[in-house]
Each structure stands twice: as structure tokens, then as C-alpha cells.
Amino acid sequence: MPLIFNDDDKLGTLAYGSRSNYVAAEIRELIVSGILIPREHLRIDEVAEFFKVSATPVREALHLLHAEGLIDRSAGSGFRVHPLTGQDIEDIFLAHSFVAGELAARAVPNITADDMRELRAINHDTLALIERDQLNRLNEVNMGFHQLINRAANSPRLKWLTSFYLKYMPQRRYGLISRWPEITANSQKNLIAALHDSDVDAARTAAENNVLNAGRALAMHFSEKVRDSQQNSEDDAEDPTSSAGGGGDENTIR
């Protein structure tokens, strides 16, 4: 089971209840990023050893992901990654696009001059991060941009729905998804123009297109990662010496 973990996250300092949420969030992101491939085994003892936690928060995390439909129970071997596909990801982003479009449209009459100044400042920061190739902060900045619009929409149930869709967005790897920085910059520009012109239809279209384009890019990234991982597994299976000696990546366990 390949897992990638950043030692700087200091998982051991998290409160007990937060550990299961953190493990769930990390595994969730690895799945939608195509790093944990469909039908990959997730054994509680291996995951616990990797994250340096007890089995209890891992078990809670896996049960949560099972309830979300991201992993399946596997008789006799714990859990497996659900066979998610690129089309599944596009479908989720398709549904998300409707919600995002409606939130942007409803925000139009409520956006203030101060809001517009803040949106332009965030867009300036976004472009600067892309120019300096500091993509690790891109998700944080872009989230602030859309949260401002969502607050202005004054539609709490639609905002609540976005929390579900955001689970399928690899936020910690945001800048690594091909075309996402470009999509982010373009969508912010188009939304700012639509809000400035008080154009409800243009705001809805800009938000919908942002989510649809992001979904297509993530689906392509996911499919490529899964295909590469499966090919590597097949190559390893054909080469009996591939797992002998040579050490290996300390951030990967199976």
C-alpha cells in the first residue's frame, strides 16, 4: 500500500479525535489523486504503523471512508480502495458545478466594493504564487477567494453541499494537478469581471466552467496515475528481482 506522508505535519502532536480525521483526510486525498489505486489493500496494522498511531484512529478513519464510498470492506483482508474511475470524478465535479454556479449567481447582488477589493487582492496573490512557482499555497489562497463569494451568496445549504464536494479535491496536492494553476487564475479573472459588471449569468457560467474544467483535469491526472501504477505493478510482477535488495523508498509501504 503506497502512502506518502509529510514528516512536517507532526501527526503525533494532534489530539486523539483529530488523528482519525487526519488519517482519513490523507487517505482520501491519496485516493482521489490516483496514488492509492482502485482495489489497493488497506490493512489497519500497516496504516497504523505508517502513520505512527494506534489501530483505533485508523479503524475509525477507514470506517468513515467506507461510509463515504471511497473504500470497501474486504472479507478476510480488511479494506480495499473502491474502484473509483475518472468518469466518477467528472460526475462529482459536474454536480459541484451546479452548486458553485448558483452560489456565484446569488452572490452578485450582495457583493460590496470592499469585497471586490479583497477579491482583486487575492487574485493578485494567486498570480504572484503562480509566477514564483509557489504552488503549495495556491489552494489556501483560492479557497479564500471562493469562500468570500460563497458568504456573499447567503445560501447556507448550498455552502454546506460544497463541503462534500471538496472531499474529492486533493487540496494538499492542488498545485501538482496539471492545468489547475491556469484554471484557477482564469476562473478568478472571469468571476471578478462578472461580479464587477453585476452579470448574474456570467458569474454562474464562470463558476460552473471553473469546476467543470478542474474536474476534467483531475480526472485525467487520476487516470494517468492509476495507469502508471498498474503498469509498474505488472512490471514488478514480471521481474522477480525487482523487490530484492536495493532498499526502496522509505515513504512507501506495501
Side-chain angles (χ1 to χ4, degrees), residues 6 8-9 25 29 32-33 89-90 92-222:
N6 183 356
D8 294 336
D9 291 322
E29 183 155 320
V32 300
S33 299
I89 291 174
E90 288 200 56
I92 290 164
F93 276 70
L94 174 63
H96 185 189
S97 71
F98 171 80
V99 175
E102 190 62 25
L103 283 167
R106 295 186 187 190
V108 169
N110 302 327
I111 287 288
T112 67
D114 286 342
D115 291 335
M116 290 303 302
R117 279 192 288 272
E118 187 170 351
L119 289 172
R120 291 190 177 97
I122 294 173
N123 178 245
H124 181 271
D125 290 342
T126 297
L127 296 175
L129 289 173
I130 295 172
E131 176 67 24
R132 295 195 294 264
D133 198 29
Q134 296 178 340
L135 304 182
N136 59 311
R137 290 195 55 235
L138 193 55
N139 174 65
E140 173 192 350
V141 172
N142 189 53
M143 287 285 285
F145 184 93
H146 290 285
Q147 285 170 353
L148 191 157
I149 294 174
N150 292 348
R151 285 196 301 270
N154 195 28
S155 304
R157 287 302 172 183
L158 289 180
K159 280 179 59 180
W160 174 79
L161 279 174
T162 63
S163 65
F164 168 78
Y165 298 122
L166 289 176
K167 292 179 179 179
Y168 288 84
M169 179 178 289
Q171 298 180 32
R172 292 175 59 197
R173 294 162 177 81
Y174 189 101
L176 302 180
I177 309 300
S178 178
R179 294 190 59 242
W180 269 19
E182 172 192 347
I183 291 169
T184 297
N186 287 338
S187 69
Q188 288 185 6
K189 179 187 69 175
N190 293 336
L191 277 165
I192 287 172
L195 293 168
H196 176 266
D197 295 339
S198 298
D199 190 329
V200 171
D201 290 338
R204 178 182 285 108
T205 298
E208 287 180 348
N209 287 341
N210 171 45
V211 176
L212 289 172
N213 290 335
R216 294 187 190 104
L218 178 58
M220 182 176 296
H221 174 91
F222 172 88

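Note that these values count all heavy atoms, side chains included, but never hydrogens, waters or copies made by symmetry. A quick note: this is a predicted structure, and the numbers were derived from the prediction, not measured. We're numbering straight along the sequence, starting at 1.
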- Message: So P181 and L135, do their side chains get closer than 4.5 Å, heavy atoms only?
- Response: yes
- Message: Nearest 0.5 Å, please: how far is CD in E208 from NE2 in H96?
- Response: 11.0 Å
- To the nearest 0.5 angstrom, please state how far the OG1 atom of T184 sits from the CZ atom of R179. 10.5 Å
- Identify the two heavy atoms, one from L212 and one from F93, that lie closest to each other, and give their separation to 0.1 Å. CD2-O, 4.4 Å
- Query: So does F98 have more than 12 non-hydrogen atoms from other groups sitting under 6.0 Å from CZ?
  - Reply: no
- Note on the structure: Here the gap from I183 atom CD1 to N142 atom CG, rounded to the nearest 0.5 Å, amounts to 11.0 Å
- Query: From E140 CD over to D125 CG, what is the distance, rounded to the nearest 0.5 angstrom?
  - Reply: 10.0 Å
- Residues in salt bridge (Lys or Arg N to Asp or Glu O under 4.0 Å) with R216, at least two apart? none
- Closest non-hydrogen atom pair between L166 and M143, with its separation: CD1-CE, 3.9 Å
- Can a donor-acceptor pair be found between the side chains of S33 and R173 at a distance below 3.5 Å? no
- Nearest heavy-atom contact between I89 and G215 is CG2-O, 4.0 Å
- Item | Where K159 and N150 come nearest, the two heavy atoms and their spacing | CD-O, 3.4 Å
- The single option from N210, V211, T162 that satisfies side chain to side chain contact (heavy atoms under 4.5 Å, CB included) with H146 is N210
- Item | Approximate separation, where rounding is to 0.5 Å, of I192 CD1 and D197 CG | 12.0 Å
- Query: Going by the ring-ring contact (aromatic ring centres under 6.0 Å, His included) test, which pairs reach into residues 180-216, not counting sequence neighbours?
  - Reply: Y174-W180
- Task: Looking only at non-hydrogen atoms, find the nearest pair between Y168 and L218 and report the distance.
- Result: O-CD2, 3.3 Å
- Note on the structure: side chain to side chain contact (heavy atoms under 4.5 Å, CB included) with D115: of L195, L148, I149, only one passes, and it is L148
- Kindly indicate whether the side chain of T126, heavy atoms from C-beta on, has any atom under 4.5 Å from the side chain of L129. no
- Message: Just so I know, are the side chains of I92 and Y165 near enough to count as touching, which here means a heavy-atom distance under 4.5 Å?
- Response: yes
- Message: Rounded to the nearest 0.5 Å, what separates atom CD1 in I177 from atom CE in M220?
- Response: 12.0 Å
- Query: Which atom pair, heavy atoms only, marks the closest approach of A203 to A104?
  - Reply: O-CB, 3.6 Å
